[in-house]
Structure formats: C-alpha cells, structure tokens
Amino acid sequence: MGKITRRPTKPLQVNPFRLTQPMGAALAFLGIDRCMPLMHGGMGCTSFTKVFLTRHFCEPIAIQTTAVTDVTAVLDGGDGSIVEAVANITKKVTPSLIGLHSTGLTETKGDDLRGVATQVDYPLVYVHSTDYEGGLESGWGKTTKALIEQLVEPTSRTRTDKVVLLPHVSLTPIEVEKVKDFIALFGFEVHALPDLSTSLDGHLGEKQSALSNGGISVETIKGLADAALVISVGASMQPSAAALLKKNSEIRHRHCAHLQGLEATDQLVATLLEANGREKPPASVIRWRKRLQDAMLDSHFSLGQTRVLLVGEPDFLAGAGQVLSEAGTKITLAAATVDSPQLDTIPADEVMVGDLEDAEARQANYDLIVGNYHTEALAHRCNKGLVLRGYPNWEIVGNQLKNDLLYEGGAYFLCEVANAAETMRAAPH
Amino acid sequence: MAQKPKIRELLDESACAHNKNKKSACNAPTPGATTGGCAFEGAQISLFPYADAAHLVHGPMTCVGASWETRLTHTRWPGRDLTQMGFTTGISTNDVVFGGEEKLRQAIDYIVKHYAPEAVFVYSTCVTAMIGDDIDAVCRQAEQTHGIPMVPVHAPGFVGSKNLGSRLAGEAVLTHLIGTREPENTTPFDINLIGEYNVTGDMWQYTPLLEELGIRVLSTLSGDGRVANIRSAHRANLNVLVCAKSLISLPRKMQERYDIPFISVSFYGKRDTSASILAIATALGDAELIERTKKLIAREEDILDKKLAPYRKVFQGKKAVLNTGGNKSWSIASALQDLGLEVVATSVKKATEADKEKAREYLGEKGILMTNPGQEQAKIIDETGAHLLLAGGRSLFTAIKKKIAFADVNQEKKKSYGGYGGLINLAEDLKNSLQNPVFNNVARRAPWEK
Ligand code: SF4
C-alpha cells in the first residue's frame with residue numbers, strides 16, 4: 001500500500017466530489033417500497049437532492065422536507081415542523097414508512113429526533129445524518145443500521161435458505177440485482193437492504209406514484225432476523241451487519257470488502273458453497289469465471305500500460321481498484337470522498353481524501369480517470385481518458401444498468417476500461 | 001443568531017404579488033408539502049454566471065456539493081470559467097463548535113492566491129448563519145487586504161424560497177458593486193440586462209441584434225457577466241428585466257437611486273422577441289432607433305418564417321397539450337403557436353392570476369386551462385385528439401398510454417430555445433418528437449398480457 005492522506009489539507013474544497021449524509025440517507029429510504037423520505041432541514045437541501053437524483057436516475061424521485069425556516073429554527077425543537085410534515089404527507093398519500101433524516105441545520109440546533117418519533121403516530125424510522133460529517137456512503141450505512149435497529153423483530157430461529165444482502169451505496173441498481181440473482185443461483189432466498197434494484201432500476205412503471213416505487217417491503221424488513229446468513233458488502237455496511245446480529249445471534253455473518261474481480265468473487269462463491277453444502281456452483285457461474293479470466297488476459301496489455309485515477313466513495317474505490325489491478329492496471333491515485341477503514345485496502349500508490357483540485361494538481365501521475373460526472377471537465381482539460389462511474393452520473397443514459405461486479409460484470413468492466421484507454425491513446429493531443 | 005434586518009425588509013417587499021393580502025405568508029413553506037429550492041439556490045442562480053468571480057459557499061457540503069456544475073450558463077470570459085467550479089468552506093463539526101470565520105478568511109486568501117478572480121462572492125448558508133459567522137466583517141477585511149470586491153450574500157436557505165434569494169442577491173449587488181466604478185465611455189443607448197443568465201446561450205440569440213441596432217449592453221446580471229461592468233451599471237439609460245419577476249426590486253431601487261427607468265421583457269417565441277426588442281428601442285426613445293428596429297424585426301421575422309416553412313408543414317393541424325408551471329404555461333404556449341401548433345390546453349395549477357390571464361389570452365376562448373392537469377390531461381387528449389404532450393417526466397406514461405408523442409419540458413436543456421434562432425431549435429426538437437415511433441413502439445403489449 002502507498003501513501004494515505006486521511007483528511008483534506010486545505011481551508012476549503014475546490015471542485016468537491018464529496019456528497020452528503022442526508023443524500024445517502026434519502027437514497028437508502030428510496031430502496032424501501034412505498035417509503036417517503038422526509039429530510040429535516042431547510043427546503044433547499046431536499047430540492048437539491050431531488051434534482052440531483054432525478055437527473056442521475058432519469059426517474060421522478062419521491063422526497064419531502066420539513067422546510068425549517070429561520071423562525072422555526074429558533075423557536076421550536078424541531079418537533080413542530082416534523083409533526084406537521086407527517087400530517088401533511090399522510091393527508092395526500094399513505095406511505096408504508098416515513099424515513100426521517102436530519103441535516104446540518106437541524107443537527108446544529110440539536111433536534112431530538114427520537115423524542116419526536118415517539119410523538120408521531122405513524123410508522124417512522126429516524127436517523128441522524130448531519131452533512132458536516134461523513135458522506136453519501138456513511139449516510140446510507142447509518143440509515144440501513146437505523147432501519148434494522150428500529151424495524152427488525154428479534155428472533156432466535158433461522159431459516160437455512162435465507163440470506164440478507166447489505167450492499168453499499170455505490171452499487172448500481174442492476175449490480176444489486178446481479179448479486180441477488182447470483183446468490184439465488186446457489187439455492188437461497190435473498191433479500192437486499194436497501195434494495196434499489198427494483199425501485200430505481202429504470203423500469204417503465206404504470207403509476208408514477210408520489211412514493212418510492214419498488215424496493216424491499218417494510219414487512220420483509222421486519223422479518224429479516226431469521227436469515228441464516230448476512231452478507232455485508234463494503235466497510236460502510238459492517239455496522240449494519242452487527243446490528244442485525246444483535247437481533248439474532250444465530251445468524252452467520254460474512255463480510256466482503258467489495259465484490260469486484262476474480263479473487264473477491266471466488267471468496268463469495270466459496271462462502272455460498274459452504275453455506276449450501278454443494279461441491280460446485282451452477283454451470284453459468286463456472287462459465288462466467290472463464291470469461292472473466294479471458295477478459296483479464298485480453299485487456300492486460302492495454303491496462304498494463306495505463307495509469308489510473310479512481311475517484312469515488314471508499315467502498316467503490318476498493319472494488320474498482322482491485323479488479324483493475326488484477327489485470328495489471330496501475331492505480332496511481334485514488335481520491336476518496338471521506339475517510340474510512342476501507343482506505344487501507346485500496347491497491348493504489350497514493351490514496352487521499354480531498355477534492356478534484358488536488359487530483360488535478362497530480363495530473364502528471366495518471367492517464368485515465370474512472371470517476372463521476374465532475375471528473376469529465378478535468379479529463380477534458382488535461383487530456384485524460386474517462387470512464388464514468390459513481391454519483392452523480394448525468395452524462396450517460398443507462399448508468400443504473402452498468403454492472404461491474406462478480407465474474408460477469410468484471411469482464412465487461414475490464415473491457416470497457418481497456419477500450420477507453422486505447423481510444424485515449426489513439427486520440428491526437 | 002445574526003438576524004439581518006435587510007432580510008425582514010425584503011420579505012415585505014411589495015414585488016411579491018401575494019404580499020398585498022397576507023403579509024409574508026408566501027415565504028413560509030409548508031412542512032411536508034413543499035417543492036422548490038431555497039434562498040441560497042436563488043442567489044446562486046442569479047450570481048453564479050459571473051464567471052470572472054469566485055463563488056465561495058460558506059457552509060457544509062450540501063449546499064454546493066449537489067449543485068455545482070449543473071447550469072449551462074455560457075460565458076465568453078477568456079480566463080478560467082469560475083462558474084463551472086465549486087468553492088466551499090465545507091465546514092465540519094469543529095467549525096460548527098468554534099465558528100467558521102477563520103476558515104472562511106483562509107479560504108478567501110487561498111482563492112485569491114490561486115485563481116486571481118475579479119471579485120469573490122461569499123454566500124452564507126443555514127448552518128453558518130445559525131452559528132452567527134460574521135461574513136460581513138470577514139469580507140470587509142479581505143477587501144482591504146486584497147483590493148478586489150468581496151461581496152457577502154445573505155441568503156441562507158432557511159429564510160425562504162428561491163425567489164427571495166434572487167432578490168437578496170440583487171440587494172447584495174446593489175449594495176456592494178453597482179456604482180463603485182465609472183465606465184470607460186457611455187453611449188445614449190446603454191442598457192443593463194437584469195435576470196438574464198444566458199442559460200444555454202439564450203442571451204446570444206438576441207444580443208447581436210441589439211448590437212446591430214447600436215444598443216449597447218453595458219452590464220448584465222448576470223449572463224456572460226463581468227464584475228467590472230456591473231459596477232458601472234448605474235450609468236445605463238435603461239434597465240431591462242428579462243423574465244425575472246423575482247429581481248424586480250433591483251431595477252426599482254435603481255430607478256429611485258439613479259433615475260434609470262426599467263421595462264420587463266421576454267425573449268421566448270417570435271412575438272415576444274419582436275415585442276421585446278421594439279420595447280427596448282421605444283423605451284430608449286430615439287425615433288430613428290425605433291425606425292431601424294422595426295426594419296430589423298421585419299427582416300428577422302422574414303428570415304425566421306422562411307426557415308420555419310418546412311416545419312410548419314409538419315406541425316399543420318397538430319394539437320398540443322401543455323402541462324407545466326408558472327410563466328411557462330403561456331410563454332411556451334406562445335412559442336408553440338409561433339411554430340404553427342395548436343395549443344388546446346395548458347396547465348394553470350399554482351399559476352398567479354396574471355399568468356392565468358396571459359394563458360387565456362394566448363389560448364383564446366376555446367383553450368382549456370387545466371387546474372388539475374394530472375387528472376385532466378388524459379381525458380383532454382382523448383377529447384381533442386391531441387398529438388403531442390409537453391410535460392414533466394411524471395406524465396410520460398400518460399402519453400404512452402394514449403400513444404402520442406411526448407416532450408419533457410423540464411429536461412435539462414442543452415440548446416437554446418430563446419430568441420428567433422432558438423425557435424428553430426425548438427421546431428427541430430418537436431418535429432423529432434412527433435415523428436419518433438418510440439412512443440408507439442413501447443406501448444406494444446407484452447405477449448403475456450391480455
Ligand atoms: S436549505 Fe440551507 S443548508 Fe440546505 S441547501 Fe439551502 S442553504 Fe444549504
């Protein structure tokens with residue numbers, strides 16, 4: 001491992017790519033069927049989040065705000081606007097759950113969400129998600145943990161065929177579906193929490209309801225504790241797995257730092273084989289493993305001469321870094337949104353928490369960028385190759401259908417990056 | 001908490017039409033039933049297009065993290081386009097506890113050193129306003145240190161809506177920039193464009209025509225704007241407010257203070273564009289200029305009509321239903337009519353009385369004004385035999401069910417629909433929508449559906 005810088009070194013951020021905890025929380029709530037995420041703060045935070053996610057997913061996004069004003073901010077402890085917001089929401093729609101999450105403003109005031117939750121006579125899960133700490137990934141992780149703590153019913157029974165999957169925020173809807181299907185191939189019934197694969201996967205829905213549409217149901221969440229196995233993906237999801245084990249100590253927990261590349265997928269397969277007691281995985285899995293091996297060899301020549309800058313959430317960096325470096329890509333710089341234990345596992349020469357100005361200052365060190373929409377201008381300015389991944393991704397249609405995971409996604413991903421590297425090298429500078 | 005008296009005054013600003021009846025009620029959003037951006041966003045929209053200035057957002061990451069590089073406000077500023085950059089103090093728990101002023105001071109120093117902007121706009125946001133950071137004092141000091149304007153913008157989100165934020169932004173410009181510099185020269189036909197942000201280059205559709213007429217755009221707030229120019233805005237002969245009621249207090253105050261008259265215009269559609277150019281010439285009051293202008297308008301309309309002729313054939317007899325909000329309910333309708341489409345219905349949900357009147361005027365007696373478009377539009381499509389639905393993404397399924405073409409009015413537009421030239425872009429896009437078989441094709445029943 002190379003050098004790791006864990007905190008920004010400047011008094012400001014220039015061209016930031018860090019996103020916030022409230023947004024991560026809202027997104028997690030959108031992975032629950034017929035949920036209404038309710039952001040507790042000024043109306044602007046909600047509006048920005050809504051517009052941001054609408055553009056990212058090309059889908060209408062359900063989310064509401066408690067619309068705290070300078071007057072209510074001073075006068076009340078937060079309960080007034082929350083209670084009023086719940087009343088106004090439920091006047092018009094009947095959500096299965098209200099997902100209350102805070103912002104910097106209401107955390108600065110010190111609003112007592114828990115106290116308010118007891119006053120509200122409606123199914124509600126609350127989470128403290130200030131935006132002056134953490135980021136998208138931790139907001140999503142904290143919300144998952146809150147959902148488990150506040151909804152899942154404790155039990156001591158387990159069903160041997162039931163698996164809970166806890167995916168980190170950077171997995172696209174189709175990636176969540178691919179992992180679910182993969183686990184199901186081994187004979188398990190699998191539930192993802194949160195589950196964007198059936199809500200924000202870009203399907204044409206009959207009804208454009210004012211609530212989230214698809215995702216895991218509240219009933220299913222309540223019954224998650226009888227799973228035999230919980231698989232957490234990404235360091236940000238470890239605390240959620242721990243919370244589930246508290247509901248039933250009989251559950252076995254398997255943690256995956258990520259699910260990208262040959263080695264990580266092999267480990268998942270080994271876990272699943274151990275759990276189902278079979279010798280071999282299904283034929284399609286074996287076939288895809290061979291295709292990934294082939295893709296690694298086909299792409300290694302191009303990737304072996306490519307120096308890459310990775311930009312994104314820590315859990316994403318670990319996975320993308322691993323699959324690329326397995327084929328010989330040199331990850332010269334990984335720029336992370338926030339600090340995380342995951343930073344230690346990223347196979348890069350340098351890992352830093354910072355902004356795109358910092359990344360630009362090191363432009364001599366890389367040829368190609370794998371990162372979000374904001375890296376596009378950087379790539380243009382500095383003549384770098386570009387593969388768009390992460391939040392936000394406003395430029396390409398179909399980003400929710402991009403799968404980079406497991407044997408299959410790894411094969412596609414390596415080919416895509418290698419092709420982008422060749423296009424870049426062929427372009428006249 | 002630092003309570004800025006100015007905010008309270010502006011809340012009572014009579015420019016807000018609702019205010020006549022219920023004091024400041026229009027500024028209090030309803031918890032759980034609110035859409036729309038905050039005051040900070042309004043200020044950002046109004047000021048960010050100054051590409052030669054740095055825009056430093058003093059707050060946690062939410063405010064700018066999700067919003068920078070989202071607006072296509074083009075500029076010809078030859079230096080680095082600072083509009084397309086995000087600057088934020090990105091305050092942390094530590095700053096919340098101990099105050100963020102020192103960090104802000106350092107951030108300003110950093111920006112001046114590395115990017116040499118013509119000015120720095122400093123935006124307060126909810127958290128930094130709440131903890132009482134004195135951005136006025138920091139700006140005053142920094143201005144002395146660095147010798148360029150430092151403009152504090154007091155529009156934290158929790159004071160109200162986007163509109164209020166735009167007003168507050170105008171206030172900041174009036175207080176700190178306008179009148180602080182004399183222009184190199186003046187002409188009798190100097191104007192300021194207020195509220196034109198040059199999104200997708202809209203402004204450039206008509207400014208060459210103004211130039212040709214000898215009308216000089218002395219400054220803008222803030223499309224393709226320059227700090228140096230807005231500082232001289234007090235020497236203009238006319239303020240032209242472009243499609244932006246939220247900024248009306250600025251030209252009015254400039255009228256009081258500098259005796260500059262103002263007019264309101266819109267450059268959307270042929271009729272509005274012609275009327276607006278003529279209105280500017282008329283307000284400038286020079287008979288010869290007015291004559292020149294009439295000739296130019298006739299010439300431009302003629303060119304446009306020739307270019308639109310092939311499209312008119314496509315649009316002949318085609319009917320459109322329009323479901324959008326605010327002034328778009330009539331301004332888009334007017335543009336559609338200019339193209340030869342018949343607008344059979346438009347939405348007036350949440351529209352002001354003035355917008356409703358305008359909509360009625362454009363659509364005529366037979367036109368349907370929908371008060372609940374979500375419910376009504378499907379039926380109206382059936383009854384009128386409409387061919388095209390222009391609405392937000394939520395209505396897409398209605399169009400598919402009815403097997404008619406759909407155009408997303410809220411989609412982030414990438415090309416300009418403004419002025420005469422923009423009408424050709426609009427015509428091309430609508431033609432493509434109408435002729436695209438996709439809406440019919442996706443409506444195909446699955447083999448397992450009865
Ligand atoms: S409401 Fe306040 S915290 Fe939220 S985006 Fe607006 S200014 Fe920022």
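All values below come from the heavy atoms of this structure, side chains included, with hydrogens, waters and symmetry mates left out. Nothing here was measured: the structure is a model prediction, and the numbers come from that model. Order of the sequence lines sets the chain letters (A, B, ...), proteins ahead of strands, with each chain counted from 1.
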A side-chain contact here means heavy atoms from C-beta on lying under 4.5 Å apart; do A:Met43 and B:Ser161 qualify? yes
Heavy-atom pair count under 4.5 Å with chain B, highest-scoring of A:Ser47, A:Pro16, A:Gly42: A:Pro16
Closest heavy-atom pair, B:Pro31 versus A:Thr66, reported as atoms and distance to 0.1 Å, is CB-O, 3.3 Å
Pair count under 4.5 Å, heavy atoms only, with chain A: among B:Gly392, B:Gly65, B:Ser92, highest is B:Ser92
Residue selection (most heavy-atom pairs with chain B, distance under 4.5 Å) from A:Asn15, A:Asn88, A:Ile89, A:Leu12: A:Asn15
For B:Pro60, run the side chain to side chain contact (heavy atoms under 4.5 Å, CB included) check against A:Asp131, A:Thr103, A:Thr130, A:Thr20 and tell me which one passes. A:Asp131
Quick check for you: to the nearest 0.5 Å, what is the distance between A:Ile63 atom CD1 and B:Thr35 atom OG1? 12.5 Å
Between B:Val127 and A:Glu107, is any pair of side-chain heavy atoms under 4.5 Å apart? no
Sort out for me which of A:Ala85, A:Gly104, A:Ala87, A:Pro8 touches chain B most, counting heavy-atom pairs under 4.5 Å. A:Ala85
Would you name the heavy atoms of B:Ala33 and A:Lys92 that are closest together and state the gap between them? CB-NZ, 3.8 Å
What part of A:Met23 lies closer than 4.5 angstrom to a heavy atom of chain B: side chain, backbone, both or neither? side chain
Under a 4.5 Å heavy-atom cut-off, does chain A meet the side chain of B:Thr70, its backbone, both or neither? both
Do B:Ile131 and A:Thr108 make a side-chain contact, defined as non-hydrogen atoms from C-beta onward lying under 4.5 Å apart? yes
Any side-chain heavy atom of A:His374 sitting closer than 4.5 Å to one from B:Trp68? yes
Tell me, side chain or backbone of A:Lys91 under 4.5 Å from chain B's heavy atoms, or both, or neither? neither
Can you run down the salt bridge (charged side-chain N to carboxylate O under 4.0 Å, His left out) pairs that involve residues 5-23 of chain A, sequence neighbours left out, and say none if there aren't any? A:Arg6-A:Asp339, A:Arg6-A:Asp344, A:Lys10-A:Asp355, A:Lys10-A:Glu357, A:Lys10-A:Asp358
State the CG-SG distance between B:Leu396 and A:Cys58, to the nearest 0.5 angstrom. 11.0 Å
Considering residues, nucleotides and ligands other than B:Asn441, do more than 12 of their heavy atoms fall under 6.0 Å from its CG? yes
Please state whether the rings of B:Phe40 and A:Phe48 are parallel, tilted or perpendicular, taking 30° and 60° as the class boundaries. perpendicular
With a 4.5 angstrom heavy-atom cut-off, could you sort out which part of B:Thr128 is near chain A: side chain, backbone, both or neither? neither
Top contributor to chain A interface from B:Thr89, B:Ile400, B:Val64 [non-hydrogen pairs under 4.5 Å]: B:Thr89
Could you look at A:Thr46 and say if it's the side chain, the backbone, both or neither that has a heavy atom under 4.5 Å from chain B? neither
At their closest point, which heavy atom of B:Tyr115 faces which heavy atom of A:Val14, and how far apart are they? OH-CG1, 3.7 Å
Kindly give the heavy-atom pair with the smallest separation between A:Ala377 and B:Glu69, and that separation in Å. CB-OE2, 3.5 Å
By a 4.5 Å heavy-atom criterion (distance strictly below it), what part of B:Leu104 contacts chain A: side chain, backbone, both, or neither? neither
Side chains of B:Asp95 and A:Tyr132 in contact at under 4.5 Å (non-hydrogen atoms): no
Under 3.5 Å side-chain donor-acceptor pair for A:Glu133 and B:Thr93: yes
Heavy-atom contact with chain A under 4.5 Å, split by part of B:Tyr110: side chain
Engaged part of A:Leu136 at the chain B interface, taking heavy atoms whose separation is under 4.5 Å: neither
In terms of heavy-atom pairs under 4.5 Å, which option from B:Gly42, B:Ala39, B:Gly157, B:Ser67 contacts chain A the most? B:Ser67
Could you tell me which of B:Gly59, B:Ala66, B:Gly32, B:Gly37 has the largest number of non-hydrogen atom pairs under 4.5 Å with chain A? B:Gly32
For chain A, which candidate among B:Lys162, B:His58, B:Met61, B:Glu41 shows the most heavy-atom pairs at distances under 4.5 Å? B:Met61
